[in-house]
Amino acid sequence: MTTRVTKAVFPVAGLGTRFLPATKSVPKEIMTLVDKPLIQYAIDEARAAGIEEFIFVTARGKSALEDYFDHAPELETRLAEDGKDQLLDVLKSTYMPSGAIAYIRQHQAMGLGHAVWCARNLIGDEPFAVILPDDVIAAEKPCLQQMVEAHRETGGCMVAAMEVPNERTSSYGVLDVEAGQGDTMKVRGMVEKPKPADAPSNLAVIGRYILSPQVMQHLDSVEKGAGGEIQLTDAIAKEIDSPRGVFGHRFSGERYDCGSKAGFLQATVAFGLARDELRDEFGQYLHEMMAIRNAAQ
Ligand code: UTP
């Protein structure tokens, strides 16, 4: 029996330099895919997985993110008066119960591992999830829910895994696993951002984790790793030889790297086309764009 996972940490304290100049004043996590900010996709996924406590690791300049979760009484009254019930429902779907959200500050962007460590006093002695909102995953069953279900069987730590082209391994943490284990794989090693020639596989870790509280203790002692940052992967790797172990879960769904411009644009197209009210007009436009582009080549 494993303990239920009810807490999730959302590290949102990064500088978001790849989206400058926008991120000078707009937190990356507030940028919208169609009409929802990235953070709302992450929250919806967490709620579907049974998360009840939401811990944001924020930083200077991220107040728009904190405000996003406030209730909006004037807007609510106006929508109700105008009979815009559907929009009112959309608005209310973003509301969170009082006390469900906590904000912790990361005073310096010292890396993902350090950001997670900043939440240690709110986690205590239970497993917890970590969600990186810039990884947006379109899936029939939300990715974290798939992982929570798999974690019920395994316990220990679990990371979301997906296959990437060999030449892309240096952008990810990469798993060393024995072949033929199905979608939930016991991990025997993890390497942060290996060159393709040094990569133990092409199974990359992406931004969903279920971690045991021991990982927080490891974060106390890990040194700066690749890129001079405190790497979460290094702390998780210390659990590989523990009796609980580390598992990679190959989720089903499509992941978009919305921390990069190309990934964000791809997600905008995919999520736009997935909307009933946009599909025809937007699809037609894309079609025409491609025809013009092909004719010009
Ligand atoms: P990224 O590596 O994408 O960094 O962080 P970034 O700062 O957000 O963006 P770029 O590379 O400058 O464009 C992955 C996740 O970890 C968080 C980020 O907010 C993002 O959700 N993070 C990263 C922190 O919370 N603190 C850090 O010190 C670093």
Side-chain angles (χ1 to χ4, degrees), residues 7-33 36-46 51 54-66 68-69 101-120 122-123 128-137 143-144 159-160 162 164 168-174 192-193 204-209 211 215-216 219-220 222-236 255-267:
K7 295 182 180 178
V9 177
F10 300 80
V12 290
L15 299 174
T17 53
R18 283 170 288 172
F19 280 96
L20 279 169
T23 42
K24 255 179 87 189
S25 72
V26 182
K28 180 171 63 174
E29 303 75 17
I30 286 290
M31 297 197 332
T32 51
L33 270 187
K36 272 203 296 188
L38 293 184
I39 196 66
Q40 187 67 50
Y41 289 93
I43 290 280
D44 290 347
E45 184 178 330
I51 298 298
F54 305 80
I55 302 164
F56 291 90
V57 182
T58 69
R60 246 167 71 85
K62 298 273 179 171
S63 47
L65 187 77
E66 301 183 11
Y68 175 76
F69 291 106
I101 298 188
Y103 301 102
I104 285 281
R105 268 335 216 207
Q106 185 190 28
H107 294 111
Q108 227 188 324
M110 290 170 65
L112 176 59
H114 182 260
V116 171
W117 178 78
C118 289
R120 65 198 176 285
L122 294 177
I123 291 298
F128 61 100
V130 175
I131 296 189
L132 305 193
D134 37 12
D135 274 340
V136 176
I137 301 169
C143 178
L144 189 65
V159 299
M162 71 174 209
V164 295
R168 301 277 298 129
T169 55
S170 58
S171 303
Y172 298 91
V174 173
E192 189 60 31
K193 302 186 168 60
V205 176
I206 61 114
R208 301 288 183 276
Y209 310 79
L211 303 178
V215 172
M216 284 292 189
L219 282 170
D220 272 333
V222 290
E223 302 286 327
K224 287 180 181 173
E229 296 192 332
I230 295 181
Q231 297 291 346
L232 184 59
T233 334
D234 292 343
I236 300 172
R255 172 258 192 182
Y256 297 93
D257 175 11
C258 291
S260 77
K261 283 181 253 216
F264 195 93
L265 291 170
Q266 286 158 16

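Start at 1 and go down the list; that is how both ligands and their atoms are numbered.
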Asker: Below a 4.0 angstrom heavy-atom separation, can you tell me which part of Val12, side chain or backbone, both or neither, approaches ligand 1?
Answerer: backbone

Asker: With a 6.0 Å cut-off on ring centres, are Phe264 and Phe19 close enough?
Answerer: yes

Asker: Check this for me - ligand 1, Phe19, N or O atoms closer than 3.5 angstrom, yes or no?
Answerer: no

Asker: Just which atoms of ligand 1 are under 4.0 Å from any heavy atom in Met110?
Answerer: 28 (O)

Asker: At a 4.0 Å threshold, what atoms of ligand 1 neighbour a non-hydrogen atom of Asp134?
Answerer: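 Listed by number with element, the hits are 3 (O), 20 (C), 21 (O).
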
Asker: Measure from the side-chain N and O atoms of Thr233 to the backbone N and O of Glu192, and report whether any donor-acceptor pair falls under 3.5 Å.
Answerer: no

Asker: Charged N to carboxylate O under 4.0 angstrom, Glu66 versus Arg105?
Answerer: yes

Asker: Only heavy atoms of Ala115, strictly under 4.0 Å: list the atoms of ligand 1 that pass.
Answerer: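 Those atoms are 24 (C), 25 (O), 26 (N).
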
Asker: Checking side chain to side chain contact (heavy atoms under 4.5 Å, CB included) against Val12, which of Thr58, Ile131, Leu132, Val57 comes through?
Answerer: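 By the side chain to side chain contact (heavy atoms under 4.5 Å, CB included) criterion, Val12 pairs with just one of Thr58, Ile131, Leu132, Val57: Thr58.
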
Asker: When you measure from atom 22 (N) of ligand 1 to each heavy atom in Gly111, Gly207, Gly16, Gly14, which option holds the nearest one?
Answerer: Gly14

Asker: Using every non-hydrogen atom in the two residues, find where Trp117 and Asp220 come nearest and quote the distance to one decimal.
Answerer: NE1-OD1, 2.6 Å

Asker: Using 0.5 Å steps for rounding, measure from the CZ atom of Phe10 to the CG atom of Leu38.
Answerer: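 If we round to the nearest 0.5 Å, Phe10:CZ and Leu38:CG are 12.5 Å apart.
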
Asker: Suppose I only count heavy atoms of Ala109 and a 4.0 Å limit; which atoms of ligand 1 are within that range?
Answerer: 28 (O)

Asker: Pairs of nitrogen or oxygen atoms closer than 3.5 Å, one from Lys28 and one from ligand 1: do any exist?
Answerer: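 Checking ligand 1 against Lys28, an N or O pair does fall under 3.5 Å apart.
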
Asker: Does some non-hydrogen atom of Glu29 fall short of 4.0 Å from ligand 1?
Answerer: yes

Asker: Under 4.0 Å from any heavy atom of Gln106, which atoms of ligand 1 are there?
Answerer: 24 (C), 25 (O), 26 (N), 27 (C), 28 (O)

Asker: Which atom pairs, one a donor and one an acceptor, fall under 3.5 Å between side chains of residues 25-32 and the rest of the protein, sequence neighbours left out?
Answerer:
residue, atom, partner, partner atom, Å
Lys28, NZ, Asp134, OD2, 2.6
Glu29, OE1, Lys62, NZ, 3.1

Asker: Does only the side chain of Ala13 get under 4.0 Å from ligand 1, or the backbone, or both, or neither? Count heavy atoms.
Answerer: both

Asker: Does Leu33 offer a backbone N or O that forms a donor-acceptor pair with the side chain of Tyr41 under 3.5 Å?
Answerer: yes

Asker: Pull out every atom of ligand 1 sitting under 4.0 Å from any heavy atom of Leu112, numbered as shown with elements.
Answerer: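 That gives atoms 16 (O), 29 (C) of ligand 1.
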
